[in-house]
Amino acid sequence: MDDKGGLAFLHPDLVITVATFVAIFTMFWIYGQRDGLARKTVRTRRAAGFCFAFGLITLFLYIVVYTLMANDFHYVVMGWTSDDSRRVLFDLILLALYSAFFGLMTKAFMLLAAAEYFGGEMSPRK
């Protein structure tokens, strides 16, 4: 198997597709919660801040794991071969981190948009 990065078994198109679906379902979920968000704009902004922070943490973790795998961490440290089926665990970790990043960023932007739309105590318009 030819290693050109951190992913060994999952195709990058699959990873992008899963992340896109996570982002779309996050948008639908936030839209479904819109009535509750109208009453809690301060909490909504705080939740958006937490989503940004956790999103950046997941991005950092993704970059670390991807860099380790792209630089043959599995060969040098763990002694695995390039086609070792245990590498699928790292692919799944990368998939989860990549999807979590996009889901969290989508949620953060949707929450900020909802808070701006509904206004509230922290709204600059008041």
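In this pair, Tyr62 and Tyr66 present their aromatic rings parallel. The plane angle is below 30°, not in the 30 to 60° band.
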Item to check | Arg45 vs Leu111, side chain to side chain contact (heavy atoms under 4.5 Å, CB included): CA-CA, chis, key distance, verdict | outcome: CA-CA 7 Å; Arg45 290 176 195 270; Leu111 290 174; over 6 Å; no
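Note that CG of Leu56 and CE of Met105 are 4.5 Å apart. Values are rounded to the nearest 0.5 Å. The line from CG of Leu104 to CD1 of Ile57 is 9.5 Å long, rounded to the nearest 0.5 Å. In this structure, the separation between CG on Leu59 and CZ on Phe101 is 4.5 Å, given to the nearest 0.5 Å. Put simply, OH on Tyr98 and CD1 on Ile63 are 11.5 Å apart, with the number rounded to the nearest 0.5 Å. In this structure, Leu94 CG and Leu68 CG are separated by 9.5 Å, a value rounded to the nearest 0.5 Å. To the nearest 0.5 Å, atoms CH2 (Trp29) and CE (Met110) are separated by 10.5 Å.
Remark: the backbone N or O of Ala96 is not paired with any side-chain donor or acceptor of Ser99 at under 3.5 angstrom.
Side-chain contact between Leu10 and Leu92 is present, with heavy atoms from C-beta onward closer than 4.5 Å. Taking the side chain as every heavy atom from C-beta outward, Phe28 and Ile24 approach each other to under 4.5 Å.
Tyr31 and Phe21 fall into different hydrophobic clusters, defined by Ile, Leu, Val, Met, Phe, Trp and Tyr side-chain heavy atoms under 4.5 Å apart, directly or through other members.
The two residues Thr26 and Gly103 have their closest heavy-atom pair at CG2-O, 3.6 Å.
In this structure, Phe52 has its ring center closer than 6.0 angstrom to the ring center of Phe109.
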